[in-house]
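Computed from heavy atoms alone, side chains included, the values below leave out hydrogens, waters and symmetry copies. From a predicted model like this one, the values you see are computed outputs, not experimental measurements.
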Amino acid sequence: MEEENKVTAPVSEGNNAPKQNTRGYEPHGSASAPRPGDRKFGNHKGRPSERRGGRGGFRRDDQPEYLERVVAINRVSKTTSGGKNVRFSALVVIGDGKGKYGFANAKSGEVPDAIKKSLAQAQKHMYNIRIVKGGTIAHEVEGSFGATKVVLKPAKPGTGIVAGGAVRAILELAGVKNVVSKVYGSRGSINVIRATHEGLKNLKEYNKVMVLRGLKTPEELKAKRPNGPKAEKKGE
């Protein structure tokens, strides 16, 4: 009986014992590694794409402040006594899709640098337009720059943007959804964008037009603002 109650000591198997993994990660398919690629060494856990330093790095879900579009890239060459000086110009349009837009044209020795400079300049010079109900403009406008003339007309919902590449870029990024346009004269991208910008600057608001025509006074327009009903509700 005494012999049966004795606890036998574990016998070392010598060289036949399984070797422990000391490289800092678990092999694929092992019990301690539930997913392929899992690593358990110190505080470094998870797949390589889920931590800093992996192939994927951290994923950024932040959306950019402005939408960007490169309209045209031109190669500019200047011949001098020392040879040819080649540079690139990039025409870029940006906007937030809510009535705010900007554009710029910058030059540099490399295309990425030219685009970067154009974006920086466009963000410094932003313009606002008012988009009326239906995602269109309030009235027909014309804009001219140099030998280019652009006509913009409001359209019904569902029409879309009937415009060329340069006009479409500035209208889409500004947030206009329904408009009809026509370009007369020169078709250069920079001239078309500047003419479109001049036309958008000519857009007038209803209140300002009524005051200019003398049909209403600023006091009458202020009285019609939707602040009155809110004040009544608060009083109730």
Side-chain angles (χ1 to χ4, degrees), residues 63-69 71 91-105 119 121-236:
Q63 295 183 355
E65 183 179 2
Y66 297 111
L67 301 175
E68 307 167 356
R69 183 171 302 179
V71 178
L91 177 60
V92 175
V93 179
I94 64 174
D96 61 352
K98 300 178 182 178
K100 195 173 183 180
Y101 70 93
F103 62 94
N105 186 27
L119 293 175
Q121 292 183 12
Q123 291 181 3
K124 294 180 181 179
H125 304 282
M126 300 296 295
Y127 307 94
N128 294 320
I129 61 171
R130 185 168 183 177
I131 303 173
V132 299
K133 184 178 179 181
T136 185
I137 56 180
H139 54 86
E140 180 179 346
V141 291
E142 293 183 3
S144 299
F145 186 88
T148 303
K149 179 181 177 182
V150 177
V151 179
L152 302 176
K153 297 181 180 180
K156 297 180 180 179
T159 304
I161 299 178
V162 183
V167 182
R168 176 183 294 273
I170 195 170
L171 292 177
E172 281 185 351
L173 297 186
V176 181
K177 298 181 180 179
N178 301 289
V179 72
V180 178
S181 70
K182 179 64 178 177
V183 180
Y184 299 95
S186 174
R187 295 298 200 276
S189 299
I190 184 62
N191 284 355
V192 171
I193 285 185
R194 287 175 177 170
T196 305
H197 169 61
E198 292 296 328
L200 294 176
K201 286 199 305 182
N202 294 333
L203 287 174
K204 298 179 181 179
E205 298 181 5
Y206 171 80
N207 295 343
K208 294 181 180 180
V209 173
M210 299 301 289
V211 173
L212 290 175
R213 294 181 178 179
L215 301 177
K216 292 185 179 180
T217 61
E219 290 74 14
E220 293 177 354
L221 296 174
K222 289 181 180 179
K224 290 185 177 182
R225 289 182 179 178
N227 295 332
K230 292 184 180 180
E232 295 178 359
K233 290 183 180 179
K234 291 181 180 180
E236 295 177 357

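Using a 4.5 Å heavy-atom cutoff, the side chains of L171 and L152 are in contact. Side chains of F145 and H197 form no contact here, defined as non-hydrogen atoms less than 4.5 Å apart. In this structure, L203 and R130 have side chains that are not in contact, with every pair of non-hydrogen atoms separated by 4.5 Å or more. By the 4.5 Å heavy-atom criterion applied to side chains, V183 and T148 are counted as neighbours.
Looking at every heavy atom in both residues, P154 comes nearest to H139 through CD-C, 3.7 Å. Here the shortest heavy-atom pairing between D96 and K98 reads OD1-N, 3.0 Å. Considering all non-hydrogen atoms of both residues, A174 and I129 come closest at CB-CD1, 4.0 Å. Scanning both residues, S181 and A163, for their nearest heavy atoms gives OG-CB, 3.0 Å. Contact record, A155 with V180: CB-CG2, 4.0 Å, taken as the closest heavy-atom pair. A169 and V93 make their closest contact through O-CG1, 4.1 Å (heavy atoms, listed as atom of the first residue, atom of the second, distance).
If you take CD on E65 and CD on Q123, they are separated by 7.0 Å, rounding to the nearest 0.5 Å. Atom NZ in K177 sits 12.0 Å away from atom OG1 in T136 (nearest 0.5 Å). The distance from atom OG1 of T217 to atom CE of M210, rounded to the nearest 0.5 Å, is 10.5 Å. Put simply, OH on Y101 and CD1 on I170 are 5.0 Å apart, with the number rounded to the nearest 0.5 Å.
Tested against I137 for a side-chain contact (heavy atoms from CB on, under 4.5 Å), the candidates I131, V179, V132 yield a single pass: V179. Tested against V71, the residues I190, I193, V92 include a single side-chain contact (heavy atoms from CB on, under 4.5 Å) partner, I193.
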Original post:
Stepwise, does the side chain to side chain contact (heavy atoms under 4.5 Å, CB included) test hold for E142 with N202?
Top reply: CA-CA 8 Å; E142 293 183 3; N202 294 333; 6.0 Å; no
Subject >> Worked verdict on I94 versus M126 for side chain to side chain contact (heavy atoms under 4.5 Å, CB included) >> reply: CA-CA 9 Å; I94 64 174; M126 300 296 295; 3.7 Å; yes
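Under a cut-off of 6.0 angstrom, the local environment of CZ in R187 is crowded, with over 12 non-hydrogen atoms contributed by other residues, nucleotides or ligands.
Classification of K201 and E198 as a salt-bridged pair holds, one side-chain N sitting under 4.0 Å from a carboxylate O.
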